Amino acid sequence: MARQRDISIDRDGILRAGFALLEDAGLDGITMRALAARLSVQAPALYWHVRDKAELLSMMAEDIYARGRAGLAACADARTWLLQLGRGLAQVLCGHRDSARLLAVATPAREADEGRAQAIAGALCDYGFSVEAALEAQASVLSLTVGWALYRENAAMADHLKRMFDLDASYANGLEVLVDGLVRKVSS
């Protein structure tokens, strides 16, 4: 007899359950068995939708990045666009426990190719960036943001740093300095 696909679960439901599990148990508590229990299905039913934990983390990371970019609006210049990119991702990362750790360990959900690179770079190319410079600028902004969020997620480190300086203000200042340098480099 052929196995039937469990249609009571879908990608959105899996993502919602994955993020709920992340909030409750942290990144280390995410397992396929725990996810299946949260969805009230048998673990094998999940494998019709998600190959393994690595694919689940990739899906979740892709969702975080997409939500970070969701607020990007048409901007007057590249500087404003890059600042919005960093701030948007920072806002999403602040909303989920261990989300920066998740981004740090997740593998890309899709293979890199020229079309994907063009799509990711597109907005900055409209401001005069080459595809390579646009991708590098975005990677720099995203890396700074994930690093800052990792410090925030580590309570002991965050407390230690907050005794010396304002961690959030430091991120905001660092983001502006980084973006100004990236824009200046392309403009020269």
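All values derive from a computational prediction rather than experimental measurement. Values below: every heavy atom of this structure, side chains too, minus hydrogens, waters and symmetry copies. Quick note: residue numbers are just sequence positions, from 1.
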- Okay, side chain of Lys162, backbone of Leu167: is any donor-acceptor separation there less than 3.5 Å? no

Check residues 127-136 and write down every donor-acceptor pair under 3.5 Å in which the side-chain atom is one partner and the other belongs to a residue at least two apart or another chain.
{"from": "Tyr127", "atom 1": "OH", "to": "Cys75", "atom 2": "N", "distance (Å)": "3.3"}
{"from": "Tyr127", "atom 1": "OH", "to": "Cys75", "atom 2": "O", "distance (Å)": "2.8"}
{"from": "Ser130", "atom 1": "OG", "to": "Ala133", "atom 2": "N", "distance (Å)": "3.0"}

- Query: Is there a side-chain contact between Met60 and Ser99, using heavy atoms and a 4.5 Å cut-off?
  - Reply: no

- Query: Is the side chain of Glu153 donor-acceptor paired with the backbone N or O of Ala100 at a distance under 3.5 Å, no angle test?
  - Reply: yes

- Query: Which atom names give the shortest non-hydrogen contact between Leu103 and Leu93, and what distance separates them?
  - Reply: CD1-CD2, 3.6 Å

- Query: So is Arg33 actually on top of Tyr47's ring, under 6.0 Å and inside 45° of the axis?
  - Reply: no

When the side chains of residues 80-89 are checked against the rest of the protein, which donor-acceptor pairs come out under 3.5 Å, sequence neighbours left out?
{"from": "Thr80", "atom 1": "OG1", "to": "Asp77", "atom 2": "OD1", "distance (Å)": "2.6"}
{"from": "Gln84", "atom 1": "OE1", "to": "Ala73", "atom 2": "N", "distance (Å)": "3.2"}

- Using 4.0 Å as the upper bound for N to carboxylate O, is an ion pair formed by Asp98 and Arg101? yes

- Message: Does any part of the side chain of His96, heavy atoms only, come nearer than 4.5 Å to the side chain of Arg67, both counted from C-beta?
- Response: yes

- Side-chain heavy-atom pair Tyr65, Ile120 within 4.5 angstrom cut-off: no

- Item | Salt-bridge contact Arg79-Glu176 (side-chain N to carboxylate O under 4.0 Å) | yes

- Going by heavy atoms in the side chains, are Leu46 and Leu56 under 4.5 Å from each other? no

- Give the C-alpha distance, both sets of side-chain angles, the deciding distance and a yes or no for side chain to side chain contact (heavy atoms under 4.5 Å, CB included) between Phe19 and Asp63. CA-CA 10 Å; Phe19 281 111; Asp63 184 73; 3.3 Å; yes

- State, with a plain yes or no, whether a side-chain heavy atom of Met32 is found less than 4.5 Å away from one of Glu55. no

- Determine, stepwise, if the pair Met59 / Arg11 fulfils side chain to side chain contact (heavy atoms under 4.5 Å, CB included). CA-CA 9 Å; Met59 288 170 48; Arg11 177 183 164 82; 3.4 Å; yes

- Query: Under a 4.5 Å cut-off applied to non-hydrogen side-chain atoms, are Leu144 and Tyr171 in contact?
  - Reply: yes

- Looking at Ala17 and Arg38, what are the two nearest heavy atoms and their distance? O-CD, 3.4 Å

- Item | Polar side-chain atom of Glu23 near backbone of Arg97 as donor-acceptor pair, under 3.5 Å | yes

